[in-house]
Amino acid sequence: MAQSGQVGALEDYRVAGDSSEAEYLQMQQESVEVFRRLAGQWNWLVHQVDGAGLEPNLRRGRAMILGHPGLQGFLDSRSR
């Protein structure tokens, strides 16, 4: 909304008849809950982006990925 002043198609519940800001926020929150639940079930990494800025968030995300034991095992197996 900050970029264009409106949400895009399927970013709120417009298709169900409501395009209010509250519905947009509800859909965003429900999406977060679904992805967090799946991340827990499937052992995905979760990178929480914060207001620290692009570079600090990229560094933290990169460190998280590169430090993951699954990736380290994969890289170790390829170097043999």
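The main-chain N or O of N57 is found under 3.5 Å from a side-chain atom of H47 such that the two form a donor-acceptor pair.
In the hydrophobic clustering (ILVMFWY side chains linked at under 4.5 Å, chained through shared members), I65 is joined by L45, M64, L66, L71, F74, L75. Other cluster members for L58: L54, joined by side-chain heavy-atom distances under 4.5 Å among Ile, Leu, Val, Met, Phe, Trp and Tyr.
When the salt bridge (Lys or Arg N to Asp or Glu O under 4.0 Å) test is applied to R60, the partners found at least two apart in sequence or on another chain are D50. Qualifying side chain to side chain contact (heavy atoms under 4.5 Å, CB included) partners for A39, counting only residues two or more places apart in sequence or in other chains: W44, V46.
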For residues 31-38, dump all side-chain donor-acceptor pairs below 3.5 Å to protein atoms at least two apart in sequence or in another chain.
{"from": "S31", "atom 1": "OG", "to": "M27", "atom 2": "O", "distance (Å)": "2.9"}
{"from": "E33", "atom 1": "OE2", "to": "Q29", "atom 2": "NE2", "distance (Å)": "3.3"}
{"from": "R36", "atom 1": "NH2", "to": "Q48", "atom 2": "OE1", "distance (Å)": "2.4"}

